[in-house]
Amino acid sequence: MKRILVTGGLGFIGSHTVVELQNEGFEVVIIDNLSNTTLNVLDSITEITGKKPDFYNIDLRVKTDVQSFFETNTIDGIIHFAAFKAVGESMHKPLDYYENNLGTLVYLLQEMRDRKLDNFIFSSSCTVYGQADELPVTENAPVKKAASVYGNTKQIGEEIIQDACNAHNLNSIALRYFNPIGAHESIKIGELPLGVPQNLIPFVTQTAAGLRDQLSVFGDDYDTKDGTAIRDYIHVVDLAKAHIAALKRLLEKRNKENFEFFNVGTGVGSSVLEVIKAFEKATQKKLNYKIVGRREGDITAAYADTAIANRELNWKTEKKLEEALASAWKWQQKQ
Ligand code: WQD
């Protein structure tokens, strides 16, 4: 039975990926420092799958702790989620973001180098493309200068991995996420934003639940069908399954390059107003919102060309926007 390390495995995407790994018969060990989640996510995962993953409360910024973990753990692959991910916050705390998102990446890769480990899956983001010149975005689209420190950590992260693969005979896949949303069908795990939600869907569900007075729609003067910005909202379970497909590609040595990257989205772009309408339809809840000015750093539109991921990973999304929104609402009602 292959044993997979999932860093950030108690987070939103990490926890959903741990469930799918266990469903596929992998043994899972989680490293998480609980900086953006809570320990009861471990119990929820165990309730869903009936198997309790091994768990280490380690801060990957502490190099000696990372080293001692690998001294006592045999690992067949790593899925690396652990990182700070708030775009706005990253502009005020660049050094915290570079230390956490890149320092920890280097420590993990050094352990892989020293212990001859292989198979590294990296959590990347469509943010690396900035505002793409052509839509849908393909993997050949040029990586543009990042609009945020967060996006820059993903760009630099991919470069670090490419150099490590070239120098140390490693194999890695980066998955460039579009916008993950929704919750597991059991409604035992989901998105747990601490504080005021930065992302659209948690703000929508908290507004519908009466925790927020009103949703602010950031701009309706974009060059889009209804003036509001367009994104590719992918159900988090479909996203989790893409990680299993990528891991199997590496374990079965089907990768064609030592470092590959794939767009992981639905291929469908939805505007903010379309999301609001879809939410109201899926939940029969009227949403209180108002149009305000644009948010700094936002791009007009991004949605994925999924052809390469579909073919090479033999993976495609199965869940539609309405289902993802309905699951997000059910998860919110449970909070
Ligand atoms: C979506 C749309 C907003 C909130 C970022 C990162 C990406 C990933 C997901 C980490 C935009 C609009 C939002 C609100 C709004 N992060 N919006 N009112 O910015 O596309 O992507 O988060 O993995 O890497 O770049 O996601 O959910 O913040 O915004 O109108 O209260 O909703 O302007 O058009 P984004 P988002």
Side-chain angles (χ1 to χ4, degrees), residues 8 11-14 16-17 36 80-91 97 100-101 122-132 135 137 143-144 146-155 157-158 174-182 191-193 195-208 211-234 236 239-240 263-266 269-279 287-304 321 324-325 328:
F12 174 38
I13 306 167
H16 286 82
T17 303
N36 192 25
H80 181 41
F81 292 105
F84 292 152
K85 60 151 210 159
V87 173
E89 180 189 58
S90 75
M91 304 308 282
Y97 270 67
N100 191 48
N101 292 12
F122 181 61
S123 166
S124 189
S125 170
C126 63
T127 315
V128 303
Y129 298 116
Q131 176 56 68
L135 291 170
V137 197
V143 169
K144 290 191 174 178
S148 69
V149 166
Y150 163 76
N152 205 26
T153 67
K154 292 303 179 183
Q155 285 182 9
E158 289 189 4
L175 296 182
R176 292 174 174 173
Y177 308 159
F178 282 69
N179 290 57
I181 65 167
E191 194 166 4
L192 269 175
V196 178
Q198 299 303 306
N199 294 128
L200 177 65
I201 303 310
F203 209 107
V204 163
T205 58
Q206 288 190 15
T207 303
L211 299 177
R212 307 279 162 204
D213 294 338
Q214 187 176 54
L215 169 75
S216 296
V217 173
F218 297 143
D220 68 346
D221 58 347
Y222 286 100
D223 180 15
T224 62
K225 42 197 156 182
D226 59 23
T228 62
I230 291 172
R231 297 289 185 275
D232 182 333
Y233 297 94
I234 176 171
V236 65
L239 176 58
N263 288 345
V264 181
T266 67
S270 303
S271 73
V272 178
L273 288 178
E274 283 176 327
V275 168
I276 291 170
K277 283 186 188 52
F279 179 82
L287 196 74
N288 179 14
Y289 69 91
K290 69 172 185 280
I291 308 287
V292 299
R294 294 184 178 191
R295 177 174 66 177
E296 191 199 355
D298 275 349
I299 59 170
T300 300
Y303 51 96
L321 177 65
L325 293 170

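Remember, it's 1-based here, ligands and their atoms both numbered in the order they're listed. Side chains are part of it too, since the values below use all heavy atoms of this structure and drop only hydrogens, waters and symmetry mates. This structure is a prediction, so every number in the text was calculated from the model and none was measured.
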Shortest protein contact, atom 12 (C) of ligand 1 (heavy atom only): Val272 CG2, 3.9 Å
Quick check on contacts: which atoms of ligand 1 are under 4.0 angstrom from a heavy atom of Val217? 30 (O)
For atom 23 (O) of ligand 1, find the nearest protein heavy atom and state the residue, atom name and distance (0.1 Å precision). Tyr150 OH, 3.1 Å
Atom 28 (O) of ligand 1: which of Arg295, Lys154, Arg212, Lys85 has the nearest heavy atom? Arg295
Applying a heavy-atom cut-off of 4.0 Å, say which part of Ile201 lies close to ligand 1: side chain, backbone, both or neither. neither
Please state which part of Tyr233 comes within less than 4.0 Å of ligand 1, counting heavy atoms only: side chain, backbone, both or neither. side chain
Where do Ile299 and Gly130 come nearest, in terms of heavy atoms and distance? CD1-O, 3.6 Å
Residues two or more places apart in sequence or in another chain: which of them pass salt bridge (charged side-chain N to carboxylate O under 4.0 Å, His left out) with Glu89? Lys93
Only one of Asn288, Thr207, Thr205 clears side-chain contact (heavy atoms from CB on, under 4.5 Å) with Leu215; which? Thr207
Do the side chain of Gln214 and the main chain of Arg212 share a donor and acceptor less than 3.5 angstrom apart? no
Mark whether atom 8 (C) of ligand 1 lies under 4.0 angstrom from at least one protein heavy atom. no
Checking a contact table here: which protein heavy atom is nearest atom 35 (P) of ligand 1, and how many Å away? Asn179 ND2, 3.5 Å
Could you list which atoms of ligand 1 come closer than 4.0 Å to a heavy atom of Asp298? 3 (C), 33 (O)
Side chains of Tyr177 and Ser123: is there a donor and an acceptor less than 3.5 Å apart? yes
Of the side chain and backbone of Asn199, name the one, both, or neither that has a heavy atom under 4.0 Å from an atom of ligand 1. both
Shortest non-hydrogen pair, Leu325 vs Val275, comes out as CD1-O, 3.8 Å
Which protein heavy atom lies closest to atom 20 (O) of ligand 1, and at what distance to 0.1 Å? Arg231 NE, 2.7 Å
Which heavy atom of Thr228 sits nearest a heavy atom of Thr224, and at what distance? O-OG1, 2.7 Å
Within-cut-off N or O pair, Phe218 and ligand 1, under 3.5 Å: yes
Looking at atom 6 (C) of ligand 1, what's its closest protein heavy atom, distance included? Val87 CG2, 3.5 Å
Atom 18 (N) of ligand 1 sits nearest the protein heavy atom Ser216 O, 2.8 Å
What heavy-atom pair brings Val292 and Ser216 nearest, and what distance separates the two atoms? CG2-CB, 3.7 Å
Region of Arg294 engaging ligand 1 - heavy atom pairs below 4.0 Å: neither
Sub-4.0 Å atoms of ligand 1 with respect to non-hydrogen atoms of Thr127: 7 (C), 24 (O), 25 (O)
Numbered atoms and elements of ligand 1 in range of Ala229, under 4.0 angstrom, heavy atoms: 34 (O)
Asp221 atom CG, over 12 foreign heavy atoms within 6.0 Å: yes
Partners of Glu158 by side chain to side chain donor-acceptor pair (under 3.5 Å), sequence neighbours excluded? Ser124, Arg176
What are the atoms of ligand 1, with element, lying closer than 4.0 Å to any heavy atom of Gln198? 4 (C), 28 (O)
So how far is it from Phe279 CZ to Tyr289 OH, rounded to the nearest 0.5 Å? 13.5 Å
Please work out whether any backbone atom (N, CA, C, O) or any side-chain heavy atom from C-beta onward of Leu200 is under 4.0 Å from ligand 1, and answer side chain, backbone, both or neither. both
Give the minimum heavy-atom separation between Ala301 and Leu135, together with the two atoms involved. CB-CD1, 3.6 Å
